[in-house]
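Everything on this sheet refers to the single structure shown next.
The basis for the numbers below is simple: all heavy atoms, side chains too, and nothing from hydrogens, waters or symmetry mates. This structure is a prediction, so every number in the text was calculated from the model and none was measured.
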Amino acid sequence: MTFEDMTIKQALLFGWGQGWDALSKKLVDERINLQKSQYQQALAVATATDWAARSIVDEYGIESTKVQAVGLGSNKPLPYDSDKNKDWSVPKFLFIGNDWERKNGSQLLEAFEMVHKKFPDAQLHVVGEHQPIHQKNVVDYGKLSLGHEKDQMKLREIIKKSTCLVVPSRFEPAGIVYVEAGSYGVPSIGGNAGGASFMIGEGGIVINPHNQEQLVEAMMLMCNQDFAVKLGKKAKKNSEAFTWSVVAQKIVNLYQQG
């Protein structure tokens, strides 16, 4: 069986990865045909999101009965009572990502500036690799390494205290980060280009990443404490379907049905 987060045709559509433009049309077509043949030969085809599943069915002509979106698992342990004694009164937005341009970091800074004018206490916490940020009420942590436990402990504390994760990527195949935030009861704002909506579920807001007004409006809504708390509970519930044990069981079930 196969398991992936997107197809070659989807990668080409969004310009994902490097090197595709260096290949001739013939070589690209050969790779697409090879991928299609693997789907045809597979007993079952698992995908990270329904977005990828639709491509395999609609663009590769694979029978829908053997294609299923099974999700991805959170890479951070699910916390217990993470929202206990949490202060929701001050909006604390959080951005996590190293691919600054693809994940729409610059547009987020502009959107936050507009939000901050209406909500002077609002904060934006930024984690990832990017140029230094010098903007009022923006806390810049820089890059926190996945390989250092102290950095990861710090990141978990940052997530736990956040009101909302905002990663409005211009393109996102899936986005485990939305599920990881949700496991702490933190709702998300993500883009609709790719499979992020599948990961976010009912625990957040999905917007057009090229529409600044939609992004600002979504962030304004998250400044409402009751609204954020309500979505946070949904995000927590949604995250329970995205653990590696749950994903593995779905893959086993799909294989056995094949």
I'd like to check Pro168 versus Leu215 (side-chain heavy atoms, cut-off strictly below 4.5 Å). Are they in contact?
yes
Minimal non-hydrogen separation, Lys236 against Gly185, with atom names
CB-CA, 4.1 Å
Provide the closest heavy-atom pair for Ala196 versus Gly191 in the form atom of the first, atom of the second, distance.
CB-O, 3.5 Å
Please answer whether the main-chain N or O of Ile56 pairs with a side-chain N or O of Glu59 as donor and acceptor at a distance below 3.5 Å.
no
Tyr255 side-chain N/O to Lys250 backbone N/O, donor-acceptor pair under 3.5 Å
no
Shortest non-hydrogen separation from Thr163 to Ala228 and the atoms involved
CG2-CB, 3.8 Å
Which atoms form the tightest heavy-atom contact between Val57 and Ser64, and what is the distance?
CG2-CA, 3.9 Å
Would you say the side chains of His130 and Asp140 form a donor-acceptor pair under 3.5 Å?
yes
Drop me the distance from Leu23's CG to Glu30's CD, to the nearest 0.5 angstrom.
10.0 Å
Gln40 side chain near Tyr60 side chain, heavy-atom distance below 4.5 Å
no
Looking at Ser37 and Leu34, would you say the former's side chain and the latter's main chain have a donor-acceptor pair under 3.5 Å?
yes
Would you confirm whether Lys66, through its side chain, and Ala42, through its main-chain N or O, come within 3.5 Å as a donor-acceptor pair?
yes
Regarding Arg170 and Glu101, does a basic nitrogen lie under 4.0 Å from an acidic carboxylate oxygen?
yes
Partners of Glu157 by side-chain contact (heavy atoms from CB on, under 4.5 Å), sequence neighbours excluded?
Lys160, Lys161
What are the two closest heavy atoms between Asp5 and Pro173, and how far apart are they?
OD2-CB, 3.7 Å
Are Lys154 and Tyr141 in a cation-pi contact, defined as NZ or CZ under 6.0 Å from the six-membered ring centre and within 45° of the axis?
no
Starting from Val90, can I reach Met222 by hopping between I/L/V/M/F/W/Y residues whose side chains sit under 4.5 Å apart?
no
Check this for me: does any side-chain nitrogen of one of Lys230 and Glu202 sit under 4.0 Å from a carboxylate oxygen of the other?
no
When you compare the side chain of Leu12 with that of Ile8, does any pair of heavy atoms fall below 4.5 Å?
yes
Check: Gln225 main-chain N/O paired with Trp88 side-chain donor or acceptor under 3.5 Å
no
Same cluster or not: are Val252 and Val67 linked, directly or through other Ile, Leu, Val, Met, Phe, Trp or Tyr residues, by side-chain heavy atoms under 4.5 angstrom apart?
no
Does Glu149 CD have over 12 foreign heavy atoms under 6.0 Å away?
yes
With a 4.5 Å limit on heavy-atom distance, are the side chains of Cys164 and Ile189 in contact?
yes
Pairwise side-chain contact, Leu94 with Val127, heavy-atom cut-off 4.5 Å (strictly under)
yes
If I take atom CZ from residue Arg31 and atom CG from residue Asp29, how far apart are they, to the nearest 0.5 angstrom?
10.5 Å
Close side-chain approach of Arg156 and Ile159, heavy atoms under 4.5 Å
no
In Å and rounded to the nearest 0.5 Å, what is the NZ to CG distance from Lys143 to Leu155?
13.0 Å
Going by atom types only, do Ser74 and Ser183 share a side-chain donor-acceptor pair under 3.5 Å?
no
So does Asp50 get a backbone contact from the side chain of Gln68, meaning a donor-acceptor N/O pair under 3.5 Å?
no
Measuring from Thr7:OG1 to Gln10:CD, what's the distance to the nearest 0.5 Å?
3.5 Å
Give the intermediate values and the outcome of side-chain contact (heavy atoms from CB on, under 4.5 Å) for residues Phe93 and Leu108.
CA-CA 10 Å; Phe93 296 100; Leu108 173 58; over 6 Å; no
For the pair Val179 and Ser239, evaluate side-chain contact (heavy atoms from CB on, under 4.5 Å) and give the outcome as yes or no after the intermediate values.
CA-CA 5 Å; Val179 174; Ser239 71; 4.1 Å; yes
Measuring centre to centre across the rings, with the benzene-like ring taken for any Trp, is Phe95 within less than 6.0 Å of Trp100?
yes
For residues Ile251 and Met1, determine if any side-chain heavy atom of one lies less than 4.5 Å from a side-chain heavy atom of the other.
yes
State, yes or no, whether a side-chain contact exists between Gln38 and Gln35 at a heavy-atom distance under 4.5 Å.
no
Single-linkage hydrophobic cluster, 4.5 Å side-chain cutoff, Tyr184 and Met153 together
no
Heavy-atom nearest pair, Val186 first then Ser162, reads CG2-O, 3.6 Å
Short question: side chain of Asp151, backbone of Ser145 - any donor-acceptor pair under 3.5 Å?
yes
Okay, side chain of Thr47, backbone of Thr49: is any donor-acceptor separation there less than 3.5 Å?
yes
Considering only distance and modelled atom types, tabulate donor-acceptor pairs under 3.5 Å from the side chains of residues 205-213, sequence neighbours left out.
| unit_1 | atom_1 | unit_2 | atom_2 | d |
| --- | --- | --- | --- | --- |
| Asn208 | OD1 | His210 | N | 2.9 |
| Asn211 | OD1 | Glu213 | N | 3.1 |
| Asn211 | OD1 | Gln214 | N | 3.0 |
| Gln212 | OE1 | Gln107 | NE2 | 3.3 |

For the side chain of Tyr178 and the backbone of Gly203, is there at least one donor-acceptor N/O pair under 3.5 Å apart?
no
Would you say Asn238's side chain and Met199's backbone share a donor-acceptor pair under 3.5 angstrom?
yes
If only side-chain N and O atoms count, and only distance matters, is there a donor-acceptor pair under 3.5 Å linking Asn253 with Gln257?
no
N/O donor to acceptor pairs below 3.5 angstrom from side-chain atoms of residues 111-124, sequence neighbours left out:
| unit_1 | atom_1 | unit_2 | atom_2 | d |
| --- | --- | --- | --- | --- |
| His116 | NE2 | Pro120 | O | 3.0 |
| His116 | NE2 | Asn137 | ND2 | 3.3 |
| Gln123 | OE1 | His125 | NE2 | 2.8 |

Test: Glu172 and Arg102 ion pair at under 4.0 Å
yes
Give the cluster check for Val246 versus Phe242: same hydrophobic cluster or not, with ILVMFWY residues linked at side-chain heavy-atom distances below 4.5 Å.
no
Check the surroundings of atom CD in Glu63: do more than 12 heavy atoms from other residues, nucleotides or ligands lie under 6.0 Å from it?
no
